[in-house]
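Notes to accompany the following structure.
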There are 2 protein chains.
Amino acid sequence: MGDPSARHPRHNKAEVFAQLRYAHAREVTEDYVEMIADLIEEEGEARSVALAERFGVTAATVNNTIKRLERDGFVTSRPYRSIFLTDQGKELAEKCRKRHEIVYNFLIALGVDPAIAEFDAEGIEHHVSEETLAAFSKFSGN
Amino acid sequence: MGDPSARHPRHNKAEVFAQLRYAHAREVTEDYVEMIADLIEEEGEARSVALAERFGVTAATVNNTIKRLERDGFVTSRPYRSIFLTDQGKELAEKCRKRHEIVYNFLIALGVDPAIAEFDAEGIEHHVSEETLAAFSKFSGN
DNA sequence: TTTTAAAGTTAGTCAAGGCTAAATTGATTT
DNA sequence: AAATCAATTTAGCCTTGACTAACTTTAAAA
């Protein structure tokens with residue numbers, strides 16, 4: 001039968017799934033930096049309590065996640081103070097905001113109901129490549 | 001200010017995120033039942049070693065996941081034997097297969113490169129509502 | 001200024017989903 | 001029949017992301 005690695009050429013999906021696992025780890029980070037940016041814009045600052053309310057999780061969970069985001073260089077925080085985005089965090093938040101908007105507008109252009117478009121965009125946005133995003137953008141006329 | 005629940009009507013996203021967290025738990029299940037169905041069709045049976053190879057994880061990880069799937073009623077398995085889908089598992093696999101196809105065909109119809117479409121479909125499929133799926137289906141002419 | 005309430009933190013627990021290393025089982029060779 | 005090899009299982013560990021309960025800090029009211 002020859003080289004085993006050539007036996008199932010159409011099924012070498014391992015890399016796809018590996019990247020999907022990595023992608024999931026990024027989703028929470030992206031949701032947080034987006035939400036923090038929203039809060040800073042809308043309320044002037046990002047407090048744990050607001051994040052907890054909007055994500056529907058406890059304050060303890062927010063605390064854990066913020067620590068991880070800080071470790072990974074996306075935010076800065078000091079005990080009992082509000083949360084700030086680093087330059088890296090701001091950059092990611094802005095990228096996510098644009099991407100979210102493109103996905104949402106695309107679904108609207110497709111004729112999807114706004115409420116459903118908002119919900120689906122939240123899930124889809126993390127899994128759209130640059131190429132597909134460009135196709136979405138082109139379809140809805142930028 | 002009245003009812004606090006009406007104060008931020010555009011920001012009651014907690015439910016959206018709660019559903020997304022639930023959705024993630026379903027993704028692995030869906031990927032596994034889909035892959036098991038593929039293996040049974042293509043190779044006559046679904047063995048742990050094949051799942052491990054295709055997902056790019058170790059056999060131990062497959063073992064854990066299969067136990068969870070069995071607990072949740074999607075598969076049956078006996079020690080050192082191959083894995084079978086229950087009726088519930090077959091149903092989910094078939095639903096996923098159809099949905100995957102619709103998403104993939106839709107991306108192709110949009111002009112996305114097949115390799116990228118395949119990759120993105122794998123991530124997007126788990127986050128598409130029935131309504132959006134219908135819109136995709138309609139766009140690519142079924 | 002003292003008390004109280006809200007916000008934030010810490011400690012400990014759990015499930016999912018990964019891993020490695022070691023043990024076991026089943027199947028194939030010799 | 002015994003040895004060997006591949007597949008599977010088990011045990012133990014890790015990280016993420018959730019929780020509750022208890023504690024501390026900050027801010028606001030009395």
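The chains referred to below are lettered A, B, ... by the order of the sequence lines, with proteins before strands, and numbering in each begins at 1. Because the structure is a prediction, the values reported are computed rather than measured.
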Legend entry - Closest listed nucleotide, where the reference is the side chain of A/R21 and the choices are D/dA11, C/dG18, C/dT10: C/dG18

Inset, instruction - Please determine if a side-chain N or O atom of B/R71 lies less than 4.0 Å away from the OP1 or OP2 oxygen of C/dA16. - result: yes

Inset, instruction - Look at the side chain of A/T65 and the backbone N and O of A/T61, then say whether any donor-acceptor pair between them is shorter than 3.5 Å. - result: yes

Inset, instruction - Using atom NZ of B/K67 as one end and atom P of C/dA15 as the other, report the distance to the nearest whole Å. - result: 15 Å

Legend entry - Nearest-nucleotide comparison on DNA chain D, the residue closer to the 5′ end among A/V28 and B/A46: B/A46

Inset, instruction - Looking at every strand, decide which applies to B/V62 at a 4.0 Å heavy-atom threshold: base, sugar-phosphate, or nothing. - result: nothing

Inset, instruction - Mind calculating the distance between CG (A/L51) and C1' (D/dA18) to the nearest angstrom? - result: 16 Å

Inset, instruction - Calculate, to the nearest 0.5 Å, the distance between atoms CD1 and CG belonging to A/I83 and A/N63 respectively. - result: 8.5 Å

Hey, what are the protein-to-nucleotides 1-7 of chain D N/O distances that come in under 3.5 Å?
none

Legend entry - Within residues 23-41 of chain B or reaching into it, pairs that qualify as salt bridge (charged side-chain N to carboxylate O under 4.0 Å, His left out) - sequence neighbours excluded: B/E30-B/R99

Inset, instruction - Could you check how far CG of A/L69 sits from P of D/dT16, rounded to whole Å? - result: 11 Å

Inset, instruction - Rounded off to whole Å, could you give me the CG-to-P distance for the B/N64 and D/dT10 pair? - result: 10 Å

Legend entry - Residues that A/D113 engages under side chain to side chain contact (heavy atoms under 4.5 Å, CB included), provided they are two or more places apart: A/A115, A/I116

Inset, instruction - Taking atom types as modelled, find out whether A/N105 and A/S140 have a side-chain donor-acceptor pair closer than 3.5 angstrom. - result: no

Legend entry - Residue pairs, two or more places apart or on separate chains, that pass ring pair (Phe, Tyr, Trp, His ring centres under 6.0 Å) and touch residues 18-53 of chain B: A/H24-B/H24, B/Y32-B/F55

Inset, instruction - Would you indicate what B/R26 reaches in the nucleic acid, counting non-hydrogen atoms under 4.0 angstrom: base, sugar-phosphate, or nothing? - result: nothing

Legend entry - Listed nucleotide nearest any side-chain atom of B/N63, set C/dT10, D/dT9, C/dG26: D/dT9

Legend entry - Between C/dA16 (C1') and B/E70 (CD): distance, integer Å: 17 Å

Might you list the N or O atoms of the protein lying below 3.5 Å from N or O atoms in nucleotides 3-5 of chain C, with each pair's distance?
none

Inset, instruction - Whole angstrom is fine here: how far is it from CD1 in A/I83 over to C1' in C/dT9? - result: 12 Å

Legend entry - Short side-chain to backbone donor-acceptor contact, A/E70 and A/S77, under 3.5 Å: yes

Inset, instruction - Please state whether the rings of B/F106 and B/F136 are parallel, tilted or perpendicular, taking 30° and 60° as the class boundaries. - result: parallel

Inset, instruction - Could you pick out which residue, B/P79 or B/T61, lies toward the 5' side of DNA chain C when each is mapped onto its nearest nucleotide? - result: B/T61

Inset, instruction - Can you tell me the distance, in whole Å, between the CZ atom of B/R78 and the P atom of C/dG26? - result: 11 Å

Inset, instruction - Name the closest nucleotide to the B/R81 side chain, picking from C/dG18, C/dG26, C/dA11. - result: C/dG26

Legend entry - Minimal non-hydrogen separation, B/A37 against B/L85, with atom names: CB-CD1, 3.9 Å

Legend entry - Qualifying salt bridge (charged side-chain N to carboxylate O under 4.0 Å, His left out) pairs with a residue from residues 130-142 of chain B, counting only residues at least two apart or across chains: none

Inset, instruction - Using atom CZ of B/F55 as one end and atom P of C/dC19 as the other, report the distance to the nearest whole Å. - result: 12 Å

